[in-house]
Amino acid sequence: MDISVIIPLYNEAESLPELYAWITRVMAEHGYSYEIIFVNDGSTDDSWNVIEGIAAKDGQVHGIKFRRNYGKSPALHCGFAAAQGDVVITMDADLQDSPDEIPELYRMITEEHYDLVSGYKQKRYDPLSKTLPTKLFNATARRVSGIRNLHDFNCGLKAYRRDVVKNIEVFGEMHRYIPYLAKSAGFDRIGEKVVHHQARKFGNTKFGGLNRFVNGYLDLLTLWFLNSFGLKPMHVFGFLGSLMFAFGFIACAVVGGIKLVHICEGTPAPLVTSSPYFYIALTMMILGTQLFVAGFLGELVSRNAQERNNYQIEKTI
């Protein structure tokens, strides 16, 4: 199979028939073998009924229905697991991503041998309140990830080699950083294509909200830490803990040494506990021990969260 198109959606019943017709037209024009996988993320409108109606008429259409709303990352995770195409295309269901971009994305993967090609909506139809934070967010992501050639990490329109989607784990809200996840997994041929951005035709944005910018930075920090120390937490916690314990121990020794000098000289020696430095040193030793233990426990539990991607799927087509 040439292409799997994965479409996560939440309350997009109005746009699905038009999107389906558009995709099938593009596929027919270029003679691709394909499948379309709609992932219904707990929609409360008629989206699932629309998907069932389309799938009943077209065996190339499949659907995954979540029992409740989990978010875009879980939807993509389940879509990636189900995909069978040599090239996997993801796009949003709101008609803002153009299926006419699929042939060129497919060509870049198959002929230019990219592992991942991310869309870049150079001209956007979004308000400044969304575009400005997005620019700041992407600038930070480029610097932290080291992927300098991407302008838009979070564009929903992307193309992947199948090996990529089968070897990365998209969880939480990490869909914003799929290029970073791919790079961390060893897929470093990452390209970008300028794509057409269309104004939303129906309703309002579903995957988003102002909190996505705060969460985005927190997720980026988490991903950086996991990528740098996730498999070796002892290297950071153990080092900091040992360093803090050593400083605390030395400080305690200095406080005790001062008292010993007073005793040897026969002068009145103040109580060790009367010095604030003693309590600071003791606190540093306790915190250092706790950090060291945290690093040791982190080594024991790293990569053992087996239930992290256990999502309740009600139906599949």
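One-based numbering along the sequence shown.
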Flag yes if [X] and [Y] sit in one hydrophobic cluster, no otherwise; membership is Ile, Leu, Val, Met, Phe, Trp, Tyr, and two members link when side-chain heavy atoms are under 4.5 Å apart.
| X | Y | answer |
| --- | --- | --- |
| Phe292 | Met285 | no |
| Leu243 | Leu291 | yes |
| Val144 | Met174 | yes |
| Tyr279 | Ile286 | yes |
| Phe245 | Met284 | no |

[atom1]-[atom2] distance between [X] and [Y], expressed to the nearest 0.5 angstrom:
| X | Y | atom1 | atom2 | result |
| --- | --- | --- | --- | --- |
| Tyr120 | Asn149 | OH | CG | 12.5 Å |
| Glu18 | Leu16 | CD | CG | 10.5 Å |
| His77 | His175 | NE2 | NE2 | 15.0 Å |
| Asp2 | Ile109 | CG | CD1 | 13.5 Å |
| Phe239 | Met244 | CZ | CE | 11.0 Å |
| Leu282 | Leu287 | CG | CG | 10.0 Å |

Less than 4.5 Å apart, any side-chain heavy atom of [X] and any of [Y]?
| X | Y | answer |
| --- | --- | --- |
| Ile37 | Ile64 | yes |
| Tyr34 | Ile89 | no |
| Thr90 | Ile178 | no |

**Request:** If the plane angle is over 60° it's perpendicular, under 30° parallel, otherwise tilted; pick one for Tyr70 and Phe66.
**Result:** perpendicular

**Prompt:** Would you call the rings of Tyr160 and Phe80 parallel, tilted or perpendicular, where under 30° means parallel and over 60° means perpendicular?
**Reply:**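 Rings of Tyr160 and Phe80: perpendicular, as their planes differ by over 60°.
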
N/O donor-acceptor pair under 3.5 Å between [X] side chain and [Y] backbone:
| X | Y | result |
| --- | --- | --- |
| Ser118 | Glu192 | no |
| Lys72 | Arg176 | no |
| Asn167 | Asp163 | yes |
| Ser15 | Ala93 | yes |
| Gln84 | Ser4 | no |
| Asn69 | Asp41 | yes |
| Asp92 | Asp94 | no |
| Lys121 | Asp97 | no |
| Ser98 | Asp100 | yes |

Which atom names give the shortest non-hydrogen contact between [X] and [Y], and what distance separates them?
| X | Y | result |
| --- | --- | --- |
| Pro179 | Leu116 | CA-CD1, 4.1 Å |
| Pro99 | Leu19 | CG-CD1, 4.0 Å |
| Glu14 | Pro17 | O-CD, 3.8 Å |
| Val164 | Ala182 | CG1-CB, 4.0 Å |
| Leu150 | Gly191 | CD2-O, 3.6 Å |
| Asn138 | Phe153 | OD1-N, 2.9 Å |

Step through the shown structure and confirm whether more than 12 heavy atoms of other residues, nucleotides or ligands are within 6.0 Å of [atom1] on [X].
| X | atom1 | result |
| --- | --- | --- |
| Phe278 | CZ | yes |
| Phe187 | CZ | yes |
| Arg143 | CZ | no |

**Request:** Decide side chain to side chain contact (heavy atoms under 4.5 Å, CB included) for Asp58 and Ile36; before the verdict, give the C-alpha distance in whole Å, the side-chain angles of both, and the deciding distance to 0.1 Å.
**Result:** CA-CA 10 Å; Asp58 187 345; Ile36 303 174; 5.8 Å; no

**Passing option when Asp115 is tested against Lys183, Arg161, Arg189 for side chain to side chain donor-acceptor pair (under 3.5 Å)** =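 Result: among Lys183, Arg161, Arg189, Arg161 is the only option passing the side chain to side chain donor-acceptor pair (under 3.5 Å) with Asp115.
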
**Prompt:** Is there a side chain to side chain contact (heavy atoms under 4.5 Å, CB included) between Ile102 and Met27 once you walk through the steps?
**Reply:** CA-CA 9 Å; Ile102 291 176; Met27 297 300 184; 4.0 Å; yes

**Request:** May I ask you to check whether Tyr32 and Tyr106 place their ring centers less than 6.0 Å from one another?
**Result:**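 Here the rings of Tyr106 and Tyr32 have centres that are less than 6.0 Å from each other.
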
**Request:** Report the C-alpha separation of Ile7 and Ile23 in whole Å, then their side-chain angles, then the decisive distance to 0.1 Å, and conclude whether the side chain to side chain contact (heavy atoms under 4.5 Å, CB included) test is met.
**Result:** CA-CA 11 Å; Ile7 305 172; Ile23 293 172; 3.6 Å; yes

**Asked** Does the distance from a Lys or Arg side-chain N to an Asp or Glu carboxylate O, for Lys193 and Glu101, drop under 4.0 Å?
**Response** yes

**Request:** Starting from the C-alpha separation in whole Å, work towards a yes-or-no answer on side chain to side chain contact (heavy atoms under 4.5 Å, CB included) for Leu157 and Leu105.
**Result:** CA-CA 9 Å; Leu157 186 57; Leu105 291 170; 3.9 Å; yes

